[in-house]
Each structure stands twice: as structure tokens, then as C-alpha cells.
Amino acid sequence: MTEAPLHDQVTLLSGDIALMSGSVRPQRAIWQDEQLCLGLKIIIIESGELLCRFPSQQERHITGPALCAVWNQDRAEASQCFLPGKDLCYSAVSLSTHSLSQHLGADVMEQLASGLHLDLAARPKMRIHSAPKTLNGLRAQLFTTPLQGLARQLYMTGKALEIVAHTLDNLTAETQPALPRLNASDIARLHDVKRLLAEHIDKPPSISELSALLGINTRKLTSGFKRLFDQSIYGYLQTLRLETAWRMLSTGEASVSSIAYKVGYTPAHLSVAFRKKYGFAPKEMRI
């Protein structure tokens with residue numbers, strides 16, 4: 001958000017979490033490209049209007065107050081055009097994939113994926129909702145605290161994660177029915193989930209696509225998989241990817257980068273996830 005900024009504040013809470021707040025006063029409608037960050041970005045638009053072009057999605061007209069949630073695991077760009085007539089006021093929280101996994105865990109990551117209707121692969125996705133009053137209140141608190149130093153850092157980190165929590169709740173809010181019963185046909189279909197993920201490990205189907213392919217509703221698909229295998233679909237996929245990468249690395253027949261893409265990761269994402277699971281970087285298997 002760069003044209004005619006009235007004010008723009010960026011706070012890097014760590015290498016994985018960042019906050020931004022600002023206002024833009026567009027003088028004319030000009031399209032601008034923006035590199036999408038890896039991970040989750042939540043933008044709270046308090047006022048103003050813009051047009052947005054997102055990969056593989058139709059052009060969207062966004063009017064504040066609004067909540068935008070962007071998920072990306074690939075090198076991708078979006079384009080935006082601020083519309084003149086009113087200042088565009090916004091705040092944004094960016095969390096890397098590593099930070100999300102560290103703070104949320106695999107099960108909550110799957111809830112997030114379900115709420116955003118995400119693929120489990122790298123393809124970027126954006127969801128737009130009306131901004132609940134809770135998030136507007138949190139936005140107002142972001143840069144008004146008198147705290148300084150480490151106390152401010154902790155406060156801002158907490159607010160960032162609070163925004164993520166309320167966004168997750170807003171996107172996935174629904175009355176949770178009783179867990180569905182599983183019959184023999186359901187159990188067979190859930191075993192097929194593993195097969196499909198293994199066959200398409202680099203670009204796995206989304207939850208909704210798995211549901212359509214197997215003829216089982218998404219609720220039974222996600223809860224049934226968890227009950228049957230004691231692991232979420234997202235968690236199973238990450239384990240499958242890392243174990244497959246380990247086997248491929250152990251043969252020494254391909255580079256770390258090529259293996260990363262073959263299992264559906266970027267090289268950087270593979271390095272972080274591999275080190276977290278095995279305690280060392282993938283390149284160290286080549287020494």
C-alpha cells in the first residue's frame with residue numbers, strides 16, 4: 001500500500017510475525033503489484049475502497065470495513081487498485097508458515113485451512129468477510145499502547161495472535177453438530193484419503209475436492225479421519241511429505257530444492273519443517 005501514504009507504521013515482532021498499520025489517500029486509480037508473503041496475512045480495512053486481482057480468482061471490489069485473509073505458500077503476486085474519494089485505513093498482521101505451525105499446531109492449522117477453503121498445497125487463496133466489531137477494536141489498540149521495550153513486544157505479539165484467533169473464529173463460526181458415525185463404506189473412503197494424498201503429494205486436493213472425489217461430506221471427512229487415524233488430514237500430509245523427503249534425500253539422487261518441490265514444499269519451507277521434525281537441516285543429510 002504505497003500511493004500517497006498519510007502514515008505507515010511497521011513493527012517486526014520477530015522474524016515470523018509482523019504488524020503494519022497505515023492510511024492511503026489515492027489521487028487516482030492506479031494498479032500496483034504486491035509480492036505475497038509466505039504464510040497468512042490478515043488485513044483489517046477500516047475505511048476506503050480498492051479493487052484486488054488475486055491469482056486464480058476473479059477481480060474483487062472491497063469496501064471497508066472489511067476483513068481479508070490471505071494464505072500463500074508459493075512465489076505469487078497480487079494486484080491492487082486504490083479508489084480515490086476516501087482515505088483507505090488499514091492494519092495488517094503477517095505470520096509465516098513456521099510461526100503458524102509453532103503457535104497453532106497441525107489441528108488448528110486444519111481448522112484455518114477449512115475456514116479459508118484452502119488447498120493443502122501452495123496455491124494462494126484470499127477470503128473476504130465483513131469485519132466484526134471485535135477486530136476493529138483490536139485494530140484501534142495496536143499502536144496506542146504506552147508500553148515500551150520488551151513489554152511492548154510481548155503486548156503486540158499477543159494482539160497479533162488475538163487477531164488471528166478472532167479471524168479463525170469468524171471464518172469457521174458454526175454450530176458444531178455431534179460427531180457423525182462411521183460405517184464400513186466411510187472407513188474405506190477415509191483410507192482412500194491417504195492414497196490420494198500420496199498420489200498427489202506435490203499438489204494435493206483441497207478438503208472440498210477430497211469430499212467431492214470420495215463422496216463424503218467435509219465434516220465427516222475431517223472428523224472421521226481424525227478419529228480413525230488419530231491425526232488430522234493436514235498433520236498426516238505434513239508427516240507424509242517429510243518422510244518422503246527423508247527417503248529421497250537418503251538416496252542422494254536429487255537436490256534439496258528439487259525434492260522440496262516434488263513433495264509440495266518450497267525449499268525454505270522444507271528446511272524449516274525438516275529441522276523441526278528431525279533436528280537438522282535437509283542439506284546435512286548430504287554431508
Side-chain angles (χ1 to χ4, degrees), residues 1-13 17-72 76-96 112 115-118 123-147 152 155-173:
M1 297 189 173
T2 55
E3 180 173 325
L6 298 179
H7 60 85
D8 199 49
Q9 292 178 285
V10 180
T11 301
L12 187 65
L13 302 179
I17 305 176
L19 291 173
M20 176 182 288
S21 183
S23 295
V24 177
R25 179 174 292 167
Q27 303 300 317
R28 51 190 177 134
I30 299 178
W31 284 97
Q32 300 173 347
D33 296 331
E34 178 182 357
Q35 186 73 37
L36 297 176
C37 64
L38 295 177
L40 175 69
K41 186 174 184 178
I42 296 167
I43 308 105
I44 306 167
I45 300 173
E46 183 178 329
S47 61
E49 295 181 70
L50 72 155
L51 302 175
C52 184
R53 293 173 182 163
F54 205 77
S56 303
Q57 291 185 254
Q58 294 182 344
E59 182 175 301
R60 303 293 298 273
H61 181 194
I62 306 172
T63 303
L67 167 67
C68 301
V70 176
W71 170 263
N72 178 52
E77 285 188 348
S79 299
Q80 54 197 0
C81 178
F82 307 117
L83 301 181
K86 190 175 183 180
D87 293 350
L88 189 140
C89 300
Y90 71 95
S91 290
V93 179
S94 298
L95 292 94
S96 71
L112 181 63
L116 290 173
H117 300 303
L118 299 174
R123 296 183 289 270
K125 184 80 173 182
M126 177 176 67
R127 289 285 305 279
I128 303 171
H129 278 248
S130 58
K133 293 181 179 179
T134 305
L135 285 182
N136 286 327
L138 287 172
R139 179 191 183 279
Q141 298 170 28
L142 282 175
F143 295 97
T144 57
T145 176
L147 298 173
R152 178 184 176 84
Y155 176 87
M156 299 288 273
T157 302
K159 288 298 174 186
L161 295 176
E162 195 174 348
I163 286 173
V164 174
H166 283 285
T167 299
L168 176 62
D169 183 65
N170 187 66
L171 294 176
T172 61

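Scope of the values below: all heavy atoms of this structure, side chains included, with no hydrogens, waters or symmetry mates.
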Original post:
Would you say Ile45 and Leu50 make side-chain contact, with heavy atoms under 4.5 Å?
Top reply: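 When only atoms from C-beta onward are counted, Leu50 and Ile45 do touch, with a gap below 4.5 Å.
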
Original post:
Do side-chain atoms of Glu46 reach the backbone of Ile44 as a donor and acceptor pair under 3.5 angstrom?
Top reply: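 No: the side chain of Glu46 does not pair with the backbone of Ile44.
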
Original post:
Listed by chain and number, what are the side chain to side chain contact (heavy atoms under 4.5 Å, CB included) partners of Cys52, not counting sequence neighbours?
Top reply: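 Checked Cys52 against side chain to side chain contact (heavy atoms under 4.5 Å, CB included); matches are Ile62, Met126.
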
Subject >> Heavy-atom closest pair, residues His129 and Arg127 >> reply: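 Taking every non-hydrogen atom into account, NE2-NH2, 2.7 Å.
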
Original post:
Just how far is it from atom CG of Leu67 to atom OG1 of Thr167, taken to the nearest 0.5 Å?
Top reply: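 These two atoms lie 5.0 Å from each other.
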
Original post:
How would you list, by chain and number, every residue that makes a side chain to side chain donor-acceptor pair (under 3.5 Å) with Ser79, sequence neighbours excluded?
Top reply: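 Per chain and number, Ser79 pairs via side chain to side chain donor-acceptor pair (under 3.5 Å) with Asp33.
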
Original post:
What residues, two or more places apart in sequence or in another chain, satisfy salt bridge (Lys or Arg N to Asp or Glu O under 4.0 Å) together with Arg60?
Top reply: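 In terms of salt bridge (Lys or Arg N to Asp or Glu O under 4.0 Å), with neighbours along the sequence ignored, Arg60 is linked to no residue.
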
**OP:** State, to 0.1 Å, how close Val93 and Leu19 come at their nearest heavy-atom pair, and which atoms those are.
**Re:**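 Closest pair (atom of Val93, atom of Leu19, distance): CG2-CD2, 3.2 Å.
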
Original post:
Can you name the nearest heavy-atom pair linking Pro26 to Leu83, along with the distance?
Top reply: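 Looking at all heavy atoms of both residues, the shortest contact is CG-O, 3.4 Å.
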
**OP:** Using the salt bridge (Lys or Arg N to Asp or Glu O under 4.0 Å) rule, collect all pairs that involve residues 158-168, keeping only residues at least two apart or in two chains.
**Re:**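 Sorted result for residues 158-168: Lys159-Glu162.
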
Subject >> Distance in Å, Trp71 CH2 paired with Leu38 CG, rounded so as to fall on 0.5 Å steps >> reply: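 If I round to the nearest 0.5 Å, the distance is 9.5 Å.
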
Subject >> CZ on Phe54 to CD on Glu34, rounded to 0.5 Å >> reply: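 Reported to 0.5 Å precision, the distance equals 9.5 Å.
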
**OP:** Please name the residue in the list Cys68, Ser91, Ser94 that meets the side-chain contact (heavy atoms from CB on, under 4.5 Å) test with Ile43.
**Re:**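 With Ile43 as partner, side-chain contact (heavy atoms from CB on, under 4.5 Å) holds for just one option, Cys68.
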
Subject >> Residue list, side chain to side chain contact (heavy atoms under 4.5 Å, CB included) with Gln35, at least two apart or on another chain >> reply: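 Partners of Gln35 by the side chain to side chain contact (heavy atoms under 4.5 Å, CB included) criterion, ordered by chain and then number, come out as Arg75, Glu77.
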
**OP:** Can you see which heavy atom on Tyr90 is nearest to which on Ser23, and at what distance?
**Re:**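 It is CE2-N, 4.1 Å.
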
Subject >> Heavy-atom side-chain contact between Asp87 and Val24 under 4.5 Å >> reply: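 No. Closest side-chain heavy atoms not under 4.5 Å.
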
Subject >> Gap separating the CD atom of Glu59 from the CZ atom of Arg53, nearest 0.5 angstrom >> reply: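 If I round to the nearest 0.5 Å, the distance is 4.5 Å.
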
**OP:** Taking side chain to side chain contact (heavy atoms under 4.5 Å, CB included) as the test, write out the residues that go with Thr63, two or more places apart.
**Re:**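 So Thr63 forms a side chain to side chain contact (heavy atoms under 4.5 Å, CB included) with Glu49, His61.
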
Subject >> Atom of Lys41, atom of Ala92 and distance for their closest heavy-atom approach >> reply: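 Closest heavy-atom pair between Lys41 and Ala92: CE-CB, 3.9 Å.
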
